[in-house]
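Worksheet: one structure, shown below.
Every chain is numbered from 1, with letters handed out A, B, ... down the list of sequences.
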There are 2 protein chains.
Amino acid sequence: MSPTIKDVAKKASVSLSTVSLVINGKSNVRDETRKKVEAAISDLGFHPRRAARGLASNKTNNIGFILTEDHFSRAEPFYTKIFLGTEFEARKYNYYILLTTVPKKFNENLHLPRFLLERNVDGVILAGKVPTKLIDIIQKANLPLILIDYSTPTHKTSKVLIDNHQGTSLAVEHLIQNGHSKIAFIGGEISHPSICERLRGYEETMHKSNLSTSNLIFCNEPNTDVNNGYEATCSLFKKGSPFTAIVASNDTVATGAMRCLREKNINIPQDVSIIGFDDIEVCLQVEPRLSTIKVFKEELGAIAVRRAIDGIESKTLLLEKTIIPAELVIRESTGRAPNS
Amino acid sequence: MSPTIKDVAKKASVSLSTVSLVINGKSNVRDETRKKVEAAISDLGFHPRRAARGLASNKTNNIGFILTEDHFSRAEPFYTKIFLGTEFEARKYNYYILLTTVPKKFNENLHLPRFLLERNVDGVILAGKVPTKLIDIIQKANLPLILIDYSTPTHKTSKVLIDNHQGTSLAVEHLIQNGHSKIAFIGGEISHPSICERLRGYEETMHKSNLSTSNLIFCNEPNTDVNNGYEATCSLFKKGSPFTAIVASNDTVATGAMRCLREKNINIPQDVSIIGFDDIEVCLQVEPRLSTIKVFKEELGAIAVRRAIDGIESKTLLLEKTIIPAELVIRESTGRAPNS
DNA sequence: ATGAAAGCGCTAACAG
DNA sequence: CTGTTAGCGCTTTCAT
């Protein structure tokens, strides 16, 4: 058996409660006593058992991380990075992250995460678009809740968001500086607030520069995967205005667009420039390498964890909204507009 | 406060221990009593608190999942899928997965995962190449241990492996059937047993068909990322024999090779065929779509969880070695050899 | 500043 | 088959 607080107490010749005070970093311990206890702890290689602490203090030191199944499989590299960010940050504060997924069509009787039922988390982080019913349930359970990359007007929650609007602004400005004026926007799932904001950022920046967007927006796709990018680009060719650049709603969509361009023997970036959003691995694996708007994914996760812990430890659920700027990354898929 | 076993006992007019017996599915409870208890449980929406169970039973119902940091960032989509496989399977058995990473250059005093120190897991799964020191420590702690996609001759452990050898055999045979005979193998990190086996599978299948591999193997790269694939292919051009097909040690390496081919204006698959290994998302995002050897990643994770639970619940650590076959996936990057 | 004692919610002998 | 009882290892009043 590993040593317990009792062993430590004996070794340091103090009482159990004194050891407990030291473990929990409470102030009212004489320095000398603290030293003694700390020595005993490190001598014995003592580590408090979580289960015991949890039972006594009614706290789990776990944070639940929930995303929808299809988000995690479709946009995997994006959410994996966010998750990793949460894990690293949680470690610093001695929390564990419990990750789980829920189906897109969520049924609260079937799919409620176990850690919610078992009250095995002190707070919850939701990433991406999630069922609003799930938000309701978590709020009713009175658990600190942080949304990442999602927000809904009907629910008041803390959230950590990407500056999508600024992101596509950056993208459009970069293209304009390269002499482009006929710039298209493609990608689906406008129902996701982030995608919608990306579209708005594009539109506003275009209009601010007196550029037309008519017949240059193709967002009727139901999703944001490779095929949607491909289809949207096909539509752009069939029904759209002429263009020399494409802003894609994310990197995956951009790769679909690239496929379409290649099929039509259009050179990137000589004939058409293309820029993505997110900065996932694939940007470096396609040919040419994809310019994009970088999202600080690990940071999003880390900040969410800090907010969650704030909520857990302060007991006052203050609602904070944090917006993280995005950053332009220029690679090989964007260049001067033809004849400019 | 959520209901406790006490509330259930009162409601069902039985004792605490009877409720406990029901919860734990022990057999010695009269059917009628069980029904009564179950009704009370569902009426109250009772869920046993993990911390309490854990403390009383000295069991956590957690399984630790450890991988090296650079594995998780470099070969992220691969390991993410394995991790997801563990999570889904663990759910069925009421376990949680605690994921954490350790640095490649592992120092046991600095980097020992918390859940090991705090004895907060009942078993451990290691994925990919991990420090052997870590294996030592886990075995010394007498925790059931399962390796995924790794094995070391110096340690006796249960493991779940990919049939790498058969995988590259499949790849080579597919190419031979398409008229290729000058087939190269590229990719680095032969120190990883999996990569080494992939090389061996290639070699043996080539030799079995009386094909030469001389000056067709380029594996001096230190890693298996995009650049290594690129560099290995450059070497192949500079120092190698002529070839019409490439077997890459994984998909990421394959994308690097594709970059090199494109730079040299070599068409895939008209001039050179290329096939990867793993079947990660990027296969569908590059142009042309990459033929590959599919690894059942979620399955690897799921089986590892079952093995771990076997070990936890049986208390007898039997060493099992499970090998999962790989599968040929033909897409657009492989075709008939030129002039055949 | 430190110690004594109660108890968190459950499991696990043991009795009956 | 069911109930009684004693902890599991820690936190947390409450005294001192």
| query | Lys36(B) has an atom NZ; how far is it from atom C1' of dT2(D), in whole Å? | reply | 10 Å
| note | Between NE2 of His47(A) and C1' of dC10(D) the distance, given in whole Å, is 16 Å
| task | Grab the CG-C1' distance between Asp7(A) and dC8(D) for me, whole Å please. | result | 14 Å
| How close or far is atom P of dC10(D) from atom NZ of Lys26(A), stated in whole angstroms? | 16 Å
Check nucleotides 2-5 of chain C against the protein and report each pair of N or O atoms closer than 3.5 Å, with its distance, or say if there are none.
| residue | atom | partner | partner atom | Å |
| --- | --- | --- | --- | --- |
| dT2(C) | OP1 | Arg30(A) | NE | 3.4 |
| dT2(C) | OP1 | Arg30(A) | NH2 | 3.1 |
| dT2(C) | OP1 | Thr33(A) | OG1 | 2.2 |
| dT2(C) | OP2 | Arg30(A) | N | 2.7 |
| dT2(C) | OP2 | Thr33(A) | OG1 | 3.2 |
| dG3(C) | OP2 | Ser15(A) | N | 2.6 |
| dG3(C) | OP2 | Ser15(A) | OG | 3.1 |
| dG3(C) | OP2 | Thr18(A) | OG1 | 2.8 |
| dG3(C) | N7 | Ser17(A) | OG | 3.1 |
| dA4(C) | N6 | Ser17(A) | OG | 3.0 |

| remark: Taken to the nearest whole Å, CZ/Arg53(B) to P/dT11(C) is 5 Å
| said: Restricting to side-chain hydrogen bond (donor to acceptor under 3.5 Å, both in side chains), what partner residues turn up for Lys129(B), sequence neighbours left out? | reply: Ser191(B)
| query | Which nucleotide, dT11(C), dT11(D), dC8(D), lies nearest any side-chain atom of Leu55(B)? | reply | dC8(D)
| field | Within 6.0 Å of NZ in Lys36(A), more than 12 heavy atoms from elsewhere | value | yes
| query | Given atom NZ of Lys35(B) and atom C1' of dC1(D), what is their separation to the nearest angstrom? | reply | 16 Å
| said: I need the single residue from Leu161(A), Val160(A), Ile162(A) that forms a side chain to side chain contact (heavy atoms under 4.5 Å, CB included) with Ile324(A). Which is it? | reply: Val160(A)
| field | Touch class at under 4.0 angstrom, heavy-atom based, for Ser57(B) against every strand present | value | sugar-phosphate
| task | Evaluate the side-chain proximity of Phe115(A) to Ile66(A): yes if any heavy-atom separation is below 4.5 Å, no if none is. | result | yes
| How about Phe83(B) and Ile97(B): do any of their side-chain heavy atoms sit closer than 4.5 Å? | yes
| message | Strictly below 4.0 Å: does Asn58(B) bring a side-chain N or O up to OP1 or OP2 of dT11(C)? | response | no
| Lys/Arg N to Asp/Glu carboxylate O, Glu89(A) vs Lys92(A), below 4.0 Å | yes
| dC8(D) C1' sits how many Å from Arg49(B) CZ, rounded? | 15 Å
| request: For a side-chain hydrogen bond (donor to acceptor under 3.5 Å, both in side chains) with Arg49(B), tell me which candidate from Asn120(A), Thr60(A), Asn58(A) qualifies. | output: Asn58(A)
| message | What is the distance, to the nearest angstrom, from the NZ atom on Lys6(B) to the C1' atom on dC8(C)? | response | 10 Å
